[in-house]
There are 2 protein chains.
Amino acid sequence: MPSRIIVSRELADLLRLLAHPDRLRLIEELRLGERDVSTIAAALDLPATRISQHLAPLRAHRIVEDRREGRNHFYRLTHPGIAAWLVEALEFVEVRNRLGEGAHIEKVRALWTADAPENQG
Amino acid sequence: MPSRIIVSRELADLLRLLAHPDRLRLIEELRLGERDVSTIAAALDLPATRISQHLAPLRAHRIVEDRREGRNHFYRLTHPGIAAWLVEALEFVEVRNRLGEGAHIEKVRALWTADAPENQG
DNA sequence: CCCATATCTGCATGCATATGCAGATGTGTA
DNA sequence: TACACATCTGCATATGCATGCAGATATGGG
């Protein structure tokens, strides 16, 4: 099998893994720094079980790494740059959607780049 | 509904749209320049009907644009930069996969950046 | 040991997507 | 008009993922 096809599969796996609103918000939350499951759950207003379910595949694909401290599991982005990379994708979001929201995309994008990240290396 | 959630939805839609090996190869093919459906089908060794099916959602989300010339429909990337952006994602592909292929990721990545693109601007 | 907390894993249902194929649409040519 | 070519659209089946919930595991305190 040609390498080109292998690459496209791995890339597709990665994209599929990221292609969920909750997981994107989760990654955005981790951009602000290390967080435990309950804290993420509270920030995203979702049950902790759901967060754990989302974290499992992200952990398997090394998108996030975890560290245990007592009963809590702290998660962080393996590649902090992935958050910035995701924001760049807004460039390619359909124009109709941008205008439909009644707000400039730059404003919306600011929501993802604000909040003083701790680990933005 | 908070804008942050809206953004995560749109972004997830985009990622889901791209998260298919054939569509990624299709985009990579278009990076080389404008192509008609049959030419893409031949390059990817897939039936033209399948290519058309993949192009439909890409067209709907303005990832690609089309131009008709006689019986042929020529497609091109709306944002040529999306191809380079996708290549950057290889940075985040699980390390185990990289080593498992027995080849340096840089070599594989070269497959996606070679071939003298016409519209890489 | 018993219990509460924090998180993980497994399972069932429902929904979305991929695929293959048939048929429709549009275009060029005789 | 008839026909071939290029592409699109619609439909049926199968597969995969999301969700919600129950139960399992691990840790800390009494």
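We name chains A, B, ... by the order of the sequence lines, and we start the count at 1 in each one. Heavy-atom basis, side chains included; hydrogens, waters and symmetry copies ignored.
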- Which of parallel (below 30°), tilted (30 to 60°) and perpendicular (above 60°) describes Trp85(A) and Trp85(B)?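 Ring orientation of Trp85(A) relative to Trp85(B): parallel.
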Report the distance from atom [atom1] of [X] to atom [atom2] of [N], rounded to the nearest whole Å.
X        : N       : atom1 : atom2 : answer
Leu44(B) : dA18(C) : CG    : P     : 15 Å
Asp45(B) : dT19(C) : CG    : C1'   : 16 Å
Asp22(A) : dC17(D) : CG    : P     : 16 Å
Arg67(B) : dT7(D)  : CZ    : P     : 12 Å
Arg16(B) : dG16(D) : CZ    : P     : 18 Å
Leu17(B) : dA18(C) : CG    : C1'   : 14 Å
Leu46(A) : dC21(D) : CG    : P     : 14 Å
Leu58(B) : dT9(D)  : CG    : P     : 13 Å

pair [X]-[Y]: side-chain heavy atoms closer than 4.5 Å:
X        : Y        : result
Ile82(B) : Leu18(B) : yes
Ile63(B) : Thr78(B) : no
Asn72(A) : Thr39(A) : no
His20(B) : His54(B) : yes
Phe74(A) : Arg76(A) : no

- Note on the structure: Walking DNA chain D from its 5' end, the first of Ser38(B) and Ala19(A) to be reached, judged by nearest nucleotide, is Ser38(B)
- Answer yes when Arg31(B) and Glu28(B) have at least one side-chain N-carboxylate O distance shorter than 4.0 Å, and no when they do not.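 Answer for the salt bridge query: yes.
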- Query: Are Glu34(B) and Arg67(B) within salt-bridge range, i.e. N to O under 4.0 Å?
  - Reply: yes
- Query: Going only through I, L, V, M, F, W and Y residues with side-chain contacts under 4.5 Å, is there a path from Leu90(B) to Leu24(B)?
  - Reply: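 Linked, Leu90(B) and Leu24(B) end up in one cluster.
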- Item | Cluster overlap Ile27(B) with Leu46(B), hydrophobic side-chain contacts below 4.5 Å |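 As far as the 4.5 Å side-chain criterion goes, Leu46(B) and Ile27(B) are connected within one cluster.
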- What nucleic acid atoms does Phe74(A) come within less than 4.0 Å of, heavy atoms only: base, sugar-phosphate, or nothing? nothing
- Message: Which nucleotide wins on minimum distance to the side chain of Asn72(B), given the candidates dT7(D), dC8(C), dA6(C)?
- Response: dT7(D)
- Query: Which nucleotide, dT7(D), dA16(C), dC8(C), lies nearest any side-chain atom of His73(B)?
  - Reply: dT7(D)
Contact under 4.0 Å: [X] side-chain N or O vs [N] OP1/OP2:
X        : N      : answer
Ser52(A) : dC8(C) : yes
His54(A) : dC8(C) : no
Tyr75(A) : dA6(C) : no

Taking only N/O atoms, report every protein-nucleotides 22-28 of chain D pair under 3.5 Å with atom names and distance.
{"from": "dA26(D)", "atom 1": "O3'", "to": "Arg68(A)", "atom 2": "NH2", "distance (Å)": "3.4"}

Are there any protein N/O atoms within less than 3.5 Å of an N/O atom in nucleotides 12-14 of chain C, and if so, which ones and at what distance?
none

